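Below: the structure, in structure tokens.
Below, chain A is the first sequence line, B the second, and so on; all start at residue 1. Note that the structure is predicted; figures quoted are calculated from it, not measured.
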There are 2 protein chains.
Amino acid sequence: MSERRTQILDAAATLISERGFTSTSVDDVIKGAKLSGKSHFYHYFKSKEELGYEVLNRQFERFAERGLAILREPMIDPLERLSLFIDAVVALQSESGGRRGSPFGNLAAELADAHEGFRVRIEAVFERWASQIRSLLWEARPQLQDDVDAVRLSRFIIAALEGAVLMTRVKRDLSVLEGIAADLKRFIGMHVRDGAAMPTHRNLE
Amino acid sequence: MSERRTQILDAAATLISERGFTSTSVDDVIKGAKLSGKSHFYHYFKSKEELGYEVLNRQFERFAERGLAILREPMIDPLERLSLFIDAVVALQSESGGRRGSPFGNLAAELADAHEGFRVRIEAVFERWASQIRSLLWEARPQLQDDVDAVRLSRFIIAALEGAVLMTRVKRDLSVLEGIAADLKRFIGMHVRDGAAMPTHRNLE
DNA sequence: TGCTATTAGGACCATACGGTCCTAATTTCT
DNA sequence: AGAAATTAGGACCGTATGGTCCTAATAGCA
């Protein structure tokens, strides 16, 4: 992938996560990526829509590398990994200073009803995310109670995190996310078998 | 409040919850409310922004009447009320056929970073919502464990519900919300004192 | 009867938007 | 050296947007 392209993608990702897709104009992206003009931009992307799709892809890849990867670390206990992953989401959010949410939640809220193309792609993102958690739960199943529903629990985790990021953004207070993350860990701990100890779960507070 | 005004507000509320604020044009609202033209609209609202603020107010009032009111029902056990409230959120969502989210979550995601005026107002909405839950939890405190943090728990409930509504909208599958609602009740049940029984908590599934 | 609020309808404006087209200079690679 | 890709810059277009202004018909009310 040409360097310019990724440069454009990065600039667009920042702008979109700050202002949303609709409110980010192609001219904004051109300024942000320091291109010479419209034709320069349209040399790399055939439309703003395509730009949006590729930004979403890239955001997911980054999230997969920096977040989801933790869920697959082979040397760590699965439930410990899940806890670390939740910490990573908090860390990722604090990088942007409480501002700007999970890029998926943003786009989801903005475009889920309005733009089918985006809706489908965001659905796929959530599905891939959920599937990572599901296989982690499957791996942890010896430590979990028999009646744990991995599909439901994985959705719950994602929803709680997305909702938390949203609230954090609105309140501009990272401690909202931190509190919810801690509670979410407690909720997960609730599904651990009586015998198996929950891994060193740092209850902040 | 004149009838026309509420008519405009209703039309705008529908459009905004479907397409978002930015993507809803004043002309769309005029068509939706069957006004005669721009001047007719600007006779009632001095700007689109003001319209947005009042729509948000109205949406909150409706939510307060149809949802939050349950939290204050004097004759029902507080924890039972909380459970009923969660059911009400699910019901409210299913009315719109899975489409269109909690109007607050929508606006929050779209405008929290971009528009300070909206951000502040949405923050106030969340705060009033959270405060209702907090006083319910205070009322229920004899049944709850001593270490229950009402501030955190109320935030958790709201975040989980908002996240759930978002995911439901993306997946176009109401069962997502239903599952998360059920899990959320279980999480709340986790804070009940060992002695006190959790009120008839209908675990769907 | 008059005054005011509402309804109606349209012209108009500046700005912004996504997108196309064209020309030409500059790199990069073969 | 020469072809192909990249960078540069600008004119242009159709459409949409929020908003203003003006005129006039119709209701409602004192």
Residue pairs meeting side chain to side chain donor-acceptor pair (under 3.5 Å), one or both in residues 38-48 of chain B, sequence neighbours left out, come to Ser36(B)-His40(B)
Checking Glu110(B) against Thr22(B): is there a side-chain donor and acceptor pair closer than 3.5 Å? yes
At a 4.0 Å cut-off to heavy atoms of chain B, the contacted part of DNA chain C spans dT6(C) to dG10(C)
How bent is the helix from dT1(C)-dA30(D) to dT30(C)-dA1(D), comparing axes over its five end pairs at each side, to the nearest 10°? 20°
The ring-ring contact (aromatic ring centres under 6.0 Å, His included) partners of Phe118(A) (sequence neighbours excluded) come to Phe21(A), Tyr53(A), His115(A)
Go through the structure and list residues passing ring-ring contact (aromatic ring centres under 6.0 Å, His included) with Phe187(A), not counting sequence neighbours. Phe156(A), His191(A), Phe187(B)
Identify, with sequence neighbours excluded, every residue that meets side chain to side chain contact (heavy atoms under 4.5 Å, CB included) alongside [X].
X         : value
Ala112(A) : Arg119(A), Arg169(B), Val170(B)
Ala88(B)  : Ile70(B)
Leu92(B)  : Phe63(B), Arg66(B), Glu95(B)
Glu61(B)  : none

Which whole-number value in Å describes the distance from Lys48(B) NZ to dG19(D) P? 8 Å
Please report the distance, rounded to the nearest Å, between CD in Glu50(B) and P in dG18(D). 15 Å
Partner set under salt bridge (charged side-chain N to carboxylate O under 4.0 Å, His left out) for Glu127(B), not counting sequence neighbours: Lys171(A), Arg134(B)
Sequence neighbours excluded, which residues qualify as salt bridge (charged side-chain N to carboxylate O under 4.0 Å, His left out) partners of Glu49(A)? none
Give the residues of residues 24-44 of chain A touching DNA chain C, defined as any heavy atom closer than 4.0 Å, sorted by residue number. Thr24(A), Ser25(A), Val26(A), Lys38(A), Ser39(A), Tyr42(A)
